[in-house]
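Just below is one structure, and these are the notes that go with it.
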Amino acid sequence: MKEYDVMIKETLQRKVTVEAKLRYEAEQMVTDAWNHQDYVLGAEDFTEVSFDTVEERECSMPKEKIKVLLVRPNAYPEKVSIGTELEDLQKAVGGYIEVTYPFSEEVGLVMNEEGKLNGLSLNRALRSEDGDVYDVIAGDFLVVGLTDENFGSLTPEQMDKFEAMFHQPEMFAKMGRSVMAIPLTDDQVEQPSDSSVQEEVKTVPLNWEFGEETVSLNVADYAYGGGLYIGITSYGEDGPEPFADMTVNLPAYTLKPNEAFISDDMSRDLLNFIQENKLGEILSFEGKSGYGSYKAVAFDMEKLKEFDPKGVSKFMKDHGMPEKTEPAKKKNKDMER
């Protein structure tokens, strides 16, 4: 499927009669009269219409989402929906990905390729059929289904089986040449945010071609290039769900830390959303990649912080950006005495 920009051109024409000595004088008289709106052409002056295609492009297809299991250190597994693009998987595990297939089922484990090298927290043990630990995964990892060509959603049965397999977080102790995996007690496990915290998430309406969504924003950086990433989460009857990526990663361009290119999937709606919520300034230049053109935006990090305080603070710290601090209150002189 493609998109086409078609130019509609209507021609209005009227013949008027004036008296003049020379041709150019007659034309000047009619020009002046038209400029003074003595001649206003309307439907009765219509003569023809033409339709010309001025541009064509491939339609941007919505990103495919798959339902998988996200396993973090010191936490219970989470059922999540993520995209299948390489960037989506890298963002989920925090770096370059490595995939292993340790089970007979049609599933894979997607993990950080450099997790151990970078000193990420040890997460879960992998065991042989005899129950012996033969490896330990470092950092966040995903349990994903497999299709003929790509990763896919886990079936309900697979989701339940691997949630149970990786349910209890583990700590590890070295015993000679072997490693012992010790399950954490429930009070040692990091608990998900409670409902009272969830209610404090700032949400705003986002209007797009299929209606209105109640959304919030989350901020991070891209694993490749470290540029600003902004994701959109929708809040519906079933709770929060990943909705779309506001930004796109074009590492060939050098931008300021608070600048990013806007995703082409629904760029008009996203740019309107940015302006309506005063999230930043739309810049005059665009990024190019393949057949796509992407508008650049300089984001107001303090505005983004209203949606994701932790994510923005971490991003600003990692990129050496100063954060605004509340001015110290002046002491009352009477109190000092």
Side-chain angles (χ1 to χ4, degrees), residues 68-80 82-83 85-103 107-128 131-144 151 162-163 165-193 218-231 242 245 247 249 251 257 301 305 308-323:
V68 300
L69 202 63
L70 171 63
V71 186
R72 303 180 189 272
N74 306 321
Y76 297 122
E78 302 172 53
K79 298 176 182 179
V80 298
I82 66 167
E85 299 295 327
L86 177 60
E87 287 181 355
D88 300 319
L89 301 172
Q90 289 176 332
K91 180 174 178 291
V93 302
Y96 297 114
I97 67 169
E98 175 186 353
V99 187
T100 62
Y101 309 93
F103 308 111
V107 301
L109 303 183
V110 180
M111 64 192 72
N112 189 313
E113 181 182 44
E114 301 174 331
K116 293 176 183 173
L117 184 65
N118 292 334
L120 299 183
S121 299
L122 297 181
N123 190 341
R124 300 296 202 278
L126 296 179
R127 293 173 169 82
S128 66
D132 298 325
V133 175
Y134 67 85
D135 198 2
V136 178
I137 301 173
D140 299 352
F141 69 92
L142 301 169
V143 186
V144 302
F151 300 125
F162 289 98
E163 198 285 332
M165 180 183 295
F166 294 117
H167 178 76
Q168 201 65 27
E170 297 172 313
M171 66 174 66
F172 300 90
K174 194 167 184 180
M175 306 289 290
R177 294 184 178 181
S178 61
V179 174
M180 177 179 292
I182 306 168
L184 296 183
T185 60
D186 288 339
D187 59 349
Q188 293 175 305
V189 177
E190 294 180 4
Q191 300 296 328
S193 300
N218 55 284
V219 175
D221 51 13
Y222 286 100
Y224 180 47
L228 176 62
Y229 167 82
I230 303 175
D245 293 331
T247 56
N249 193 24
M301 301 305 290
K305 191 183 287 186
D308 185 5
K310 290 183 179 179
V312 172
S313 292
K314 183 178 185 305
F315 180 89
M316 295 179 71
K317 181 180 179 181
D318 292 346
H319 290 78
M321 301 172 68
E323 292 194 61

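Reckoned from all heavy atoms, side chains included, excluding hydrogens, waters and symmetry mates.
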Could you check F166 against N123 for side-chain contact (heavy atoms from CB on, under 4.5 Å), going step by step and ending with a plain yes or no? CA-CA 10 Å; F166 294 117; N123 190 341; over 6 Å; no
How many angstroms lie between atom CE of M171 and atom CG of N74, to the nearest 0.5 angstrom? 8.0 Å
From K305 NZ over to M316 CE, what is the distance, rounded to the nearest 0.5 angstrom? 5.5 Å
Nearest heavy-atom neighbours spanning [X] and [Y]:
| X | Y | value |
| --- | --- | --- |
| N218 | D308 | CA-OD2, 3.4 Å |
| A125 | E170 | N-OE1, 2.9 Å |
| P73 | S121 | CG-O, 3.8 Å |
| E87 | N249 | OE2-CB, 3.4 Å |

Report yes if some heavy atom in the side chain of [X] is under 4.5 Å from a heavy atom in the side chain of [Y]; otherwise report no.
| X | Y | answer |
| --- | --- | --- |
| D245 | D88 | yes |
| F162 | V71 | no |
| L70 | P77 | no |
| Y96 | Q90 | yes |
| Q168 | D186 | yes |
| L89 | F151 | yes |
| V133 | F172 | no |

Side chain to side chain contact (heavy atoms under 4.5 Å, CB included) against H319, all qualifying residues, sequence neighbours excluded: D221, P257, F315, M321
Identify, with sequence neighbours excluded, every residue that meets side chain to side chain contact (heavy atoms under 4.5 Å, CB included) alongside P169. Y76, R124, L184, V189
Decide side-chain contact (heavy atoms from CB on, under 4.5 Å) for I97 and L142; before the verdict, give the C-alpha distance in whole Å, the side-chain angles of both, and the deciding distance to 0.1 Å. CA-CA 10 Å; I97 67 169; L142 301 169; over 6 Å; no
Can we say R72 and E78 salt-bridge, meaning some charged N sits less than 4.0 Å from an Asp/Glu carboxylate O? yes
Do any side-chain atoms of residues 108-120 form donor-acceptor pairs under 3.5 angstrom with protein atoms, and if so which ones, sequence neighbours left out?
{"residue": "N112", "atom": "OD1", "partner": "E114", "partner atom": "N", "Å": "2.8"}
{"residue": "N112", "atom": "OD1", "partner": "G115", "partner atom": "N", "Å": "3.2"}
{"residue": "N112", "atom": "ND2", "partner": "V93", "partner atom": "O", "Å": "3.2"}
{"residue": "N112", "atom": "ND2", "partner": "G94", "partner atom": "O", "Å": "3.2"}
{"residue": "K116", "atom": "NZ", "partner": "D135", "partner atom": "OD1", "Å": "2.5"}
{"residue": "K116", "atom": "NZ", "partner": "V136", "partner atom": "O", "Å": "3.1"}
{"residue": "N118", "atom": "ND2", "partner": "E114", "partner atom": "O", "Å": "3.3"}

